[in-house]
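Everything below concerns the one structure shown next.
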Amino acid sequence: MSENKNDQLPLWEVFIQKSNGAPIKHAGSIHASDKEMALQNARDIYTRRNEGRLLWLVPSNAIVATVIEDEADFFDPADDKIYRHPSFYEVPDGVTNI
Amino acid sequence: MDTVENMSPELLAFEARLAKDEVIEPKDWMPADYAKTLLRQISQHAHSEVIGMQPEGNWVLRAPTFRAKKILLAKIQDEGGHGLYLYSAAETLGMDRSQMIDQLHEGKAKYSSIFNYPALNWADIGAIGWLVDGAAIVNQVSLQRTSFGPYARAMVRICMEESFHQRQGYEIMVRMMRGNEAQRQMAQDAMNRWWWPALMMFGPHDKDSAHTQQSMKWKIKRQSNDVLRQRFVDKTIPQAHFIGLNVPDPDLKYDEETKSYQIGEINWDEFNQVIRGNGFCNHARLSHHKKRIGKESGYVRLQLHTL
């Protein structure tokens with residue numbers, strides 16, 4: 001079996017903002033040698049149909065991520081604080097606009 | 001055979017996630033065979049998109065109008081883009097693109113057999129868009145729910161873009177069927193040659209399919225070959241009849257009760273011959289690909305990888 005040759009240009013993650021004020025969302029990835037090429041490749045691959053008005057390109061190796069195996073432990077601090085949700089509180093019948 | 005007793009805790013957790021229809025991401029734990037199956041399927045899918053540019057590229061310079069030429073170029077550019085989405089999805093499993101391409105060139109990885117048929121006349125471009133992309137869409141819509149996240153997301157993008165491909169193909173067929181007698185004959189001829197290969201794109205019958213059962217268990221495949229093929233048949237035959245095209249199947253029956261068509265026997269001998277390399281264009285497709293991005297051509301190779 002052939003080996004990985006590590007002959008690929010650096011990997012970048014592509015983020016697109018669809019419209020003014022919208023969140024900037026991950027769309028996929030591309031290979032490129034520098035920032036300009038990254039932007040142009042992302043435009044040609046991911047926005048051929050006006051999918052966005054703004055692109056962010058991030059070198060993939062700059063991304064820090066959690067892993068699913070740690071989900072329970074890592075997000076545990078949010079589990080036992082139901083008083084952070086409005087539904088936790090009692091509001092007397094008849095009170096409105098709160 | 002895996003039983004609950006001999007399954008590792010990781011495997012149990014993995015199967016539990018699949019049972020809840022959770023999506024698996026590249027860094028998540030997964031069985032080696034799950035990754036291997038995905039790599040085989042996604043790289044084959046990527047190679048198909050790229051090799052699929054060839055039969056259509058053949059017609060760019062001969063498109064009958066400037067409008068048709070622009071559309072064809074846009075479609076071919078989409079296929080290249082789809083190849084890149086899919087190579088990116090496959091790369092998340094740890095194999096890089098040049099290794100996948102090496103495997104294609106060494107015959108260890110396949111591409112869809114449909115592209116080993118030639119595009120002989122302009123109606124073939126219609127038939128490819130309508131039937132070949134139509135069949136691919138049925139398969140890809142189902143794969144939008146595949147269990148591997150990068151593959152599923154690539155499928156969502158691809159399905160969005162492919163619907164134009166199918167419509168432009170059908171429009172070509174409509175125009176030719178509304179043309180003169182010679183044009184109608186060309187359209188029917190293309191229908192006759194592409195109908196059965198399009199049905200073969202869904203792969204062997206479920207009972208003969210080596211990979212279906214495990215792939216369905218892992219939710220890589222969400223619907224079986226025969227189910228998807230039937231969906232395509234029932235969608236497509238009324239479109240053929242609407243413009244006066246005959247379906248080249250003497251055994252075709254319509255079942256009033258199930259509102260569904262029953263097709264005749266598929267020639268699996270032909271299917272197997274083409275897979276084994278004996279189709280019309282197997283040699284031409286692969287040697288063209290090797291020439292364009294082969295080892296003797298480092299510059300072109302770099303360009304293609306970064307298109």
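Throughout, protein chains are lettered first and strands after them, A, B, ... in sequence-line order, and every chain is numbered starting at 1.
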Note to self: Has A:Asp70 got a side-chain atom pairing as donor or acceptor with A:Asp73's backbone, closer than 3.5 angstrom?
What the structure shows: no
Next item on the list: Measure A:Gln40 against the heavy atoms of chain B and call it side chain, backbone, both or neither at under 4.5 Å.
Entry: neither
Next item on the list: Quick one: pull up NE2 in B:His47 and CG in B:Leu286 and give me the separation to the nearest 0.5 Å.
Entry: 10.0 Å
Checklist line | B:Phe164, part contacting chain A, at a heavy-atom distance under 4.5 Å | finding: side chain
Item checked: Options B:Arg153, B:Lys27, B:Gln77, ranked by heavy-atom pairs under 4.5 Å with chain A, top entry -> B:Gln77
Item checked: Main-chain N/O of A:Ala22 paired to A:Ser19 side chain as donor or acceptor, under 3.5 Å -> no
Note to self: Looking only at side-chain N and O atoms, does B:Asp78 offer a donor or acceptor that is under 3.5 Å from a partner on B:His165?
What the structure shows: yes
Check: So which of B:Glu25, B:Glu10, B:Glu91, B:Met100 has the biggest tally of heavy-atom pairs under 4.5 Å with chain A?
Finding: B:Glu91
